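Note that the coordinates shown come from a computational prediction; the quantities given were computed from them, not determined experimentally. Both backbone and side-chain heavy atoms feed into the values below; hydrogens, waters and symmetry mates do not. Here is how names work: the chains are called A, B, and so on, in the same order as the sequence lines, proteins then strands, and each is numbered from 1.
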Protein chains: 2
Amino acid sequence: MTIKPKVTIHDIAEKLNVTASTVSRALNDNPRISDATKKAVLKIAKQLNYQPNNIAAALRNGRSHIIGIIVPTADRAFFSSVVRGIEEIANKINYKVIICQSYDNYDKEVQTVDALLNARVDGIIASVGKNTENFDHFKKALEKNVPLVLFDRTTDALEVSQIVIDDYLGAYKAVEHLAQQGCKRIAHFTSPKKVSVFKERLRGYLDALRDNGIAYDEELVIKSNLQLEDGRESMEQLLKLKQLPDAVFSASDYGAMGAMQVLKENNFRIPEDVALAGFSNDPFTSFTDPPLTTVDQLSITMGKITAEIFFEQISTHEKRNMSQKIILKPELIIRKSTLRLAAVPAAPPMGRDLVQEQEI
Amino acid sequence: MTIKPKVTIHDIAEKLNVTASTVSRALNDNPRISDATKKAVLKIAKQLNYQPNNIAAALRNGRSHIIGIIVPTADRAFFSSVVRGIEEIANKINYKVIICQSYDNYDKEVQTVDALLNARVDGIIASVGKNTENFDHFKKALEKNVPLVLFDRTTDALEVSQIVIDDYLGAYKAVEHLAQQGCKRIAHFTSPKKVSVFKERLRGYLDALRDNGIAYDEELVIKSNLQLEDGRESMEQLLKLKQLPDAVFSASDYGAMGAMQVLKENNFRIPEDVALAGFSNDPFTSFTDPPLTTVDQLSITMGKITAEIFFEQISTHEKRNMSQKIILKPELIIRKSTLRLAAVPAAPPMGRDLVQEQEI
DNA sequence: GATTCTCTGTTTAGTGGTTTCATAAAAAAT
DNA sequence: ATTTTTTATGAAACCACTAAACAGAGAATC
């Protein structure tokens, strides 16, 4: 394999006896260049296998046409869907996307923002890490006039546009549904963290209880990190109560899954003895037995809207347009884990469309 | 929020009454600069909140310190784990990673390679799309002397280093395990595509049958796209046979999951009536009931090794070092879906460590 | 016939950081 | 004291591309 020399617009210019600026304009389809010249340039460019140097262009005009996306992790179906939605729109208008993962690590998040700024991205779209409480790194981006939009995990500490789902409503819907299925003692798994989503879900839980005439019982609300193992422990704790719950609404699917495992190990029937609902509509929730009722977060929609708002901001650039907050309405995906009444939903079961592509 | 003016090394230079080159050297810790000057420069840089412009540097020295990763999709646990492994090593030596998704779309893959070349990445790590049969876009990278390493979905059509797992061995292990559990009629779900991984898995299946004294029965090998729905159909097809299988080894976890659903719907016991094994160790497999035996692909290891080989290539750069092919040994994760003999594995169940972080 | 446009291109001057080459001063060697 | 070496820095070129300002030829207008 021979290594070809790098070809620049100057090489093309030389071949055609014009200047580099003419070639540059021709390649950029500038109206000041005649069609004949454009064609000639394009032809030579192709012939020489010219590959534009985006770096030089970026340096010159101060826009890299690259945007940075920061997510806690890209392997969560929710985040990757959002990313995909953003990418689709970005690609359409010739922007490249660079995906960065913070792994919910504050330091890494700070470094990433810095790295993106150094790389001179044209803007940043981010979902804030779980442990982030200081937002100076994002402020730095704003100070440099780099557009910033937050989605899902956002903060009001920054004056930026945000796209979130209505966690309150999602939780409310789930708990209301449980109540309608005849549940009277509905437990809730939540997090001790100050993250707003959990506070909102808790609020939805409480309001739905009240609106459905169910008294709040403190011992039914269990705080944990909401991982699988936490869900197991929380459920075991609940099983020690004198009066058992007849439903659990977990603020995470993993927490619900842990509860499901423990319930089955103890020979409880789901949903007859205890109904179960989660939050997020993680892909695995349709594969559990019984399939898990959960709240879908409209990830694709969120991605598209996020991208739209972001690029709107990019184009209007200088103008300090007010930041907007968009709240999407989540959807309750009802599956067997909560269906205690006769009526089973007609086929095809809901949420089936969320099945992932196969692994190879 | 005030927009601060962009500060360059020239601003720092001016403040200190030195030249930009001195500042540049000081910032790069060049030994030819006195410690006093270095300290002064660093101090002013911090004071002015100087942010280096990587683009300018990249243009000048022809290395962007960015590497591109192309994966079919980032939301598959396997790929994102590999990416994570790569990222970890890359970050350590101050390289940024830009993750691109081809969505198994050939055109998008070609465009992506082009875009990465234009962005002047220092190298590319890729897993080839399912439908890619022409590799000219990758050849273009090689011609430009841009290091390229392939993992998992690779090709021998290119003279590059590859890191793959031994699909043959994975399949062999799975089928051997089924035989050891007393299965005599083991079915196999495979793909009609020409992708080597499936051919290898089929080969492993066949050899394991032979080595365990089980006769090959053509009607037990079912070809499909291996998605969930395909698995269901394949299983239904098997259930129509006069002589039912007592085990199914699917070349994908989703296929196995489809089979599990159909089996349960028809009141077959798993694994007593039919044992089930998949391939990939997708996160959901530990949440099914019963949990699914499957083959783990050592994604993290693969990522680390891929990164190591890649950066080795980056550093030795010019030298046209021979390309190597590394084949990792996959691991069989035994779970209840195949355990027909008394011995149930002691807690904690295997594969538990693969549980994903919770969704929020 | 002179003036003004249009059209198509050229000239020039960046963009921000790095690096080669040169140089002055200081230190070391003779 | 003189030469050589070392140290610390400056001046200018350069990376590849782009945009503003400028220019010349022919067409259109008065």
In this structure, how many angstroms lie between the [atom2] atom of [N] and the [atom1] atom of [X], rounded?
X	N	atom1	atom2	answer
L117(B)	dA16(D)	CG	P	16 Å
I55(B)	dT18(C)	CD1	C1'	16 Å
L27(B)	dG17(C)	CG	P	9 Å
L48(B)	dG16(C)	CG	C1'	15 Å
H10(B)	dG17(C)	NE2	P	8 Å
I9(B)	dT15(C)	CD1	P	13 Å
E14(B)	dG17(C)	CD	P	14 Å
I33(B)	dT7(D)	CD1	C1'	10 Å

Give a yes/no answer on whether the side chain of [X] brings an N or O atom under 4.0 Å of OP1 or OP2 in [N].
X	N	answer
T8(A)	dA16(D)	no
S34(A)	dG9(C)	yes
N28(B)	dT18(C)	yes
T22(B)	dA8(D)	no
S24(A)	dT18(D)	yes

Could you tell me whether the side chain of [X] has a donor or acceptor atom within less than 3.5 Å of a complementary atom in the base of [N]?
X	N	result
S21(A)	dT11(C)	yes
R60(A)	dT15(C)	no
R32(A)	dT8(C)	yes
R25(B)	dG17(C)	no
R63(A)	dT18(D)	no

Side chain to side chain, Q101(B) and E109(B), heavy atoms closer than 4.5 Å: no
Using a cut-off of 4.0 Å on non-hydrogen atoms, how would the nucleic acid contact of N17(B) be classed: base, sugar-phosphate, or nothing? sugar-phosphate
Would you classify V18(B) as touching base, sugar-phosphate or nothing, given that sugar-phosphate means primed atoms plus P, OP1 and OP2, and contacts are heavy atoms under 4.0 Å? sugar-phosphate
Interatomic distance, E14(B) atom CD to T8(B) atom OG1 [nearest 0.5 angstrom]: 9.0 Å
Taking side-chain contact (heavy atoms from CB on, under 4.5 Å) as the criterion, tell me which of T19(A), V18(A), I9(A), N30(A) meets it with R25(A). N30(A)
Indicate yes or no: does D156(A) engage K325(A) in a salt bridge with an N to O separation below 4.0 Å. yes
Would you check, one step at a time, whether the test side chain to side chain contact (heavy atoms under 4.5 Å, CB included) holds for D122(B) with I66(B)? CA-CA 6 Å; D122(B) 287 352; I66(B) 293 178; over 6 Å; no
Of the candidates dT18(D), dT9(D), dA16(D), the side chain of N53(A) sits closest to dA16(D)
Does D35(A) or L59(B) map to a spot on DNA chain C nearer the 5' end, using the closest nucleotide for each? D35(A)
Between N61(B) and P31(B), which is nearer to the 5' end of DNA chain D once each is assigned its nearest nucleotide? P31(B)
Would you please classify the geometry between the H65(B) ring and the Y95(B) ring as parallel, tilted or perpendicular, with 30° and 60° separating the classes? parallel
